[in-house]
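For reference, the structure is listed below as structure tokens.
Within every chain, numbering begins at 1; the chains are lettered A, B, ... in the order of the sequence lines, protein sequences first and strands thereafter.
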Protein chains: 2
Amino acid sequence: MSMRLPAPARREQILDVSVQVFARNGFHSTSMNDVAEAAGVTKPVLYQHFDSKQDLYLALLEEAGNRLRTAVSKAVVSAANGKEQTEMGFRAYFRWVADDHDAFLLLFGSRANRDEESTTTIRRITAETAKAIAPLIAADIDPEHQRTLAQGLVGLAEGVSRHLVERGDTFDPEVLGQQVADMAWAGLRAVHRKG
Amino acid sequence: MSMRLPAPARREQILDVSVQVFARNGFHSTSMNDVAEAAGVTKPVLYQHFDSKQDLYLALLEEAGNRLRTAVSKAVVSAANGKEQTEMGFRAYFRWVADDHDAFLLLFGSRANRDEESTTTIRRITAETAKAIAPLIAADIDPEHQRTLAQGLVGLAEGVSRHLVERGDTFDPEVLGQQVADMAWAGLRAVHRKG
DNA sequence: AAAGCTTGTTACCCTCAGGTAACCGTATGA
DNA sequence: TCATACGGTTACCTGAGGGTAACAAGCTTT
């Protein structure tokens, strides 16, 4: 039925397609047959490119995580002061959510199914994101607590995004990012004042 | 091996045990045999009390959700002004996390596996929690946005908790709740000022 | 102590889905 | 035009695990 494709192209296509399928239906509710069908191909083809379902899934997580990471860190670097970093960071985050939609669902959607290994990967990604944010938090509080609050901010962005994405709402990432950043920044300063 | 138990007691015991097992290993990685073994009993006994694995799992989610809901709403009601409500709410939340540990992981842990139905249930619980929080947010911004921010606050608490619980850290819910509440409250006021 | 309800066990069925062996068809290069 | 490599398919194996039928062992009530 489907056209013959050179191996690397097929691999890419499989990755593209499976992000969507997994994001929509979750890991366990998606069979390799489903993926194959969505790719217009049969199961053994998948196994020519990936060792196992796990392997495919982890590759997807990894790729999605990379895109998130680079989007946020690029944005943060290009900012001058803490406040601006906060703004740029959140705006980049929501921009990523808005146009890498399926990747977001894959990593953080309610349907994101997680066994041992995937959990580790996702946690790592979250932790790295938090790490990128941590410096924004006033340096005069103990680092332990700093990291905890950073995780909280990540959760904040995640919560907002999940709500919007799963409702199917569209949103302007710049506006939303700015609003959430305002909120977060004020919160951060409050923590600072108290120590 | 195990003692005979009257039906209601057995049912309770199964619920107690399975919260732990599911929380620790996630839905799909936990077989009914695992649950049965943990309960010191064999599989068919489980099916005397629950129609299916789904059924059991949903019962757990429901129970956990109820405990969360009542904990938070009780706390919020007993407070006078918005600031106090915020403080009481967050403290109650973290108190719940601290001593209903497994329930938290079940609902919000990384390993929380979610098919169609469970997702709906969990979303409902999150939404209800957000709804309880929404009134705290300044009334002069549009309700749509209000709800979105409320989801963000829920995410904030969730993110902080997940980080701590999954690291196995112990924490004082009162102190942590107060700190997060300070942060949240400042953020909320900032949103208020902007409209 | 026998009937009968309740609790529990053993041993099984059956489906689903991950994974693979063996085979086909077409483009390419000698 | 024949060989061969590569992309793809059909048809199967297999294990895990949800769910159940049939039977055993206790209480309890008369």
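A donor-acceptor pair under 3.5 Å is absent between the side-chain atoms of B:Gln151 and the main chain of B:Ala130, judged by distance alone. When atom types are taken as modelled, the side chain of A:Glu117 and the backbone of A:Leu58 share no donor-acceptor pair closer than 3.5 angstrom.
Comparing atom distances between the B:Ser52 side chain and each of C:dT7, C:dT9, D:dG19 picks out D:dG19 as nearest. Comparing D:dG8, D:dG17, C:dT9 against the side chain of B:Ser31 picks out D:dG17 as the nearest. The side chain of A:Leu5 sits closest to D:dG8 out of D:dG8, D:dT20, C:dG19.
Between the C1' atom of D:dC27 and the CE atom of B:Met3 lies a distance of 13 Å, rounded to the nearest Å. To the nearest angstrom, P of C:dT9 lies 10 Å from CZ of B:Arg4. The nearest whole Å value for the distance from the CD atom in A:Gln48 to the C1' atom in D:dC6 is 9 Å. The distance between atom CZ of B:Phe50 and atom C1' of D:dT20, rounded to the nearest whole Å, is 18 Å. Atom C1' of nucleotide C:dC12 and atom CG of B:Asn33 are separated by 13 Å, given to the nearest angstrom. Straight-line distance from the NE2 atom of A:His28 to the P atom of D:dG17: 11 Å, rounded to whole Å. The interatomic distance linking B:Arg11 (CZ) with C:dG8 (C1') rounds to 18 Å, in whole Å. In this structure, A:Tyr47 atom OH and C:dA22 atom P are separated by 18 Å, rounded to whole Å.
In this pair, A:Phe22 and A:Phe27 present their aromatic rings parallel. The plane angle is below 30°, not in the 30 to 60° band.
In this structure, B:Ser29 reaches neither bases nor backbone, as no heavy-atom distance under 4.0 Å exists between it and the strands shown.
Look at A:Arg10 and you'll find a side-chain N or O under 4.0 angstrom from OP1 or OP2 of D:dG8. For C:dT9, one of the phosphate oxygens OP1 or OP2 lies less than 4.0 angstrom from a side-chain nitrogen or oxygen of B:Thr42.
Mapping B:Pro44 and B:Pro6 onto DNA chain C by nearest heavy atom places B:Pro6 closer to the 5' end of the strand. Taking for each of B:Lys43 and A:Lys43 the nucleotide of DNA chain C with the nearest heavy atom, the 5'-most of the two is the partner of B:Lys43.
A continuous path of Ile, Leu, Val, Met, Phe, Trp and Tyr side chains, each step under 4.5 Å between heavy atoms, connects A:Ile122 with B:Ile122, placing both in one hydrophobic cluster.
Side-chain contact annotation: B:Asp182 with B:Gln178, donor-acceptor N/O pair under 3.5 Å present.
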